[in-house]
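To find a chain, count down the sequence lines: A is the first, B the second, and so on, and within it residues start at 1.
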Number of protein chains: 2
Amino acid sequence: MSERGRPRAFDRAEALQKAMLVFWDKGYQAASLTDLTEAMGIGSPSLYAAFGSKEGLYREAVDLYEASESDEIAGPLSLAATAREAIEGYLMASAAVFTRPGRPPGCMVVLSAVNAVGVGDETSAKLREMRAQSVTAIAARLRSAAAAGELDAGLDAEAIASYYVTVQQGMSIQARDGATRPQLEAIARGAMAAWEGLTRAAA
Amino acid sequence: MSERGRPRAFDRAEALQKAMLVFWDKGYQAASLTDLTEAMGIGSPSLYAAFGSKEGLYREAVDLYEASESDEIAGPLSLAATAREAIEGYLMASAAVFTRPGRPPGCMVVLSAVNAVGVGDETSAKLREMRAQSVTAIAARLRSAAAAGELDAGLDAEAIASYYVTVQQGMSIQARDGATRPQLEAIARGAMAAWEGLTRAAA
DNA sequence: CCTTTTCTGTAGTGATCAATACACAAATAG
DNA sequence: CTATTTGTGTATTGATCACTACAGAAAAGG
């Protein structure tokens, strides 16, 4: 097939992983081509041959983030037995991922709401949709719990989901300011203290 | 006194206000000198004569933000009769300020945790301290309420304060994504649903 | 071998960045 | 008036930005 020509001298997936860490750490615009090529260990022509452009590389970095880190955060939402355990697991997994050693603090997708300046409209819209998807997924989990009789049928799933996603997004800011995993977990437990009040009566 | 020389042809306070809006909207690095001078209606030499440097202008813009917007958010903390009303008022005022028409969405100081890349260490530390100050102020309000017998004496004031500040910071992200004032207020009410659980037993 | 294809390294492109040199304008001091 | 001081407008500084032209290197096809 396409094995003609000089073979690539670097591992594409490995280089993308390094680029993801730079974008995650600095945001789109503040990550310079020099930052990227140095972290990836390649020259800029190799970067452009493999990824097309800075924004193309960013898009792939976001996809990689979603596939690796983001799925770990969302995992509990579909796996936990009860809706309460699902959301608590979501917040606890966030606390873990946001403070994992060797990784930038906070969530790359959440932070992109603030530091993805200069990115194209299409990529920007995709990132916004990814953040909105968190609310959708949690609301769906709440509605399925309500349909199963586990929770009150009259609850406002969207409002509750927005609240928990807001807490999780605030945890990204806290992580940026140096909050540790136990501190973020304490915040998550604080957020869960609202659970009974929110799910008992329709807000 | 110092009325010698050609008088300044623009209003310094007015120009600073315009610069604050640009920094608030775009962050430090993404706000270019062209953006700033166009918004302020002056040439770059006038900017440098009046404010010293881009970072000097940014520092003054942060001070102006603190004096105008930030005080409105923190007002309820010292004015409200009860600790609960103080914190609820803090979140409600945040919802209002974060979505005020004609102003950028979200809190300039909160967002600076993410978009103040490239700013000097001293300014960066000052901004971080301003964010930490929110936790300190709320914790102090909780402790005074506990000392007055209004709340349980064994509550973890720091943990509760961190939780509510995290919600407020998440509201800044939500505002960036287009959340309206009623939506943010609903989130604030959701956060207040945790109040009894948090203040009843020592976490 | 030679040709074709693909990638790498060097060395740059024009554009934009924050910041200024310099000449002139506009005020006060004497 | 002249001298001094301060601000403005033009035009530009070197540095850095994202990006690429070009020549040579390293592979497969014939």
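- For B:Arg8, the side-chain atoms get nearest to D:dG7 when compared with the rest of D:dG7, D:dC19, D:dC17.
- The residue among B:Arg6 and B:Tyr48 whose nearest nucleotide of DNA chain C lies closer to the 5′ end is B:Tyr48.
- Nucleotide C:dA18 holds its P atom 10 Å from the CG atom of B:Leu47, rounded to whole Å.
- Taking the six-membered ring where tryptophan is involved, the planes of B:Phe23 and B:Tyr28 are essentially parallel, since the angle between them stays under 30° and well short of 60°.
- Across the protein-nucleic acid pair, A:Gln29 atom CD and D:dA18 atom P stand 9 Å apart, rounded to whole Å.
- Residue B:Ala30 is classed as having no contact, given no heavy-atom separation below 4.0 Å to the nucleic acid.
- A donor-acceptor pair shorter than 3.5 Å cannot be found between the side chains of B:Gln183 and B:Gln174.
- The side chain of A:Leu33 sits closest to D:dA18 out of D:dC17, D:dA18, D:dA28.
- With the nearest nucleotide of DNA chain D identified for both A:Thr34 and B:Gly43, B:Gly43 has the one nearer the 5' end.
- A:Lys18 forms no cation-pi arrangement with A:Phe10, by the criterion of a distance under 6.0 Å to the ring centre and an angle within 45° of the ring axis.
- Rounded to a whole Å, the CD1 atom of B:Ile42 is 16 Å from the C1' atom of D:dT10.
- Per the geometry, CZ belonging to A:Phe51 stands 18 Å off P belonging to C:dT6, to the nearest Å.
- Distance from the side chain of A:Arg4 is smallest to D:dA28 among D:dA28, D:dC17, C:dG9.
- Across all strands, A:Ala9 comes closer than 4.0 Å only to sugar-phosphate atoms, never to a base (heavy-atom distances).
- As a whole-Å value, the separation of B:Phe10 CZ from C:dA25 P is 20 Å.
- Following rounding to the nearest Å, A:Arg12 (CZ) and C:dC7 (P) show an atom-to-atom distance of 11 Å.
- In this model, a donor atom of one side chain and an acceptor atom of the other lie less than 3.5 Å apart for B:Ser112 and B:Arg131.
- B:Glu55 and B:Thr123 share a side-chain donor-acceptor pair at under 3.5 Å.
- For C:dT20, its base sits under 3.5 Å from the side chain of B:Ser44 at one donor and acceptor pair at least.
- As rounded to whole Å, 12 Å separates atom P of D:dT8 from atom CG of B:Asp11.
- Within 4.0 Å (heavy atoms only), B:Pro7 reaches sugar-phosphate atoms of the nucleic acid but no base atom.
- In this structure, CG of A:Leu36 is placed 15 Å from C1' of D:dT16, rounded to the nearest angstrom.
- Contact between the side-chain N/O atoms of A:Ser46 and the OP1/OP2 oxygens of C:dC7 is not found at any separation under 4.0 Å.
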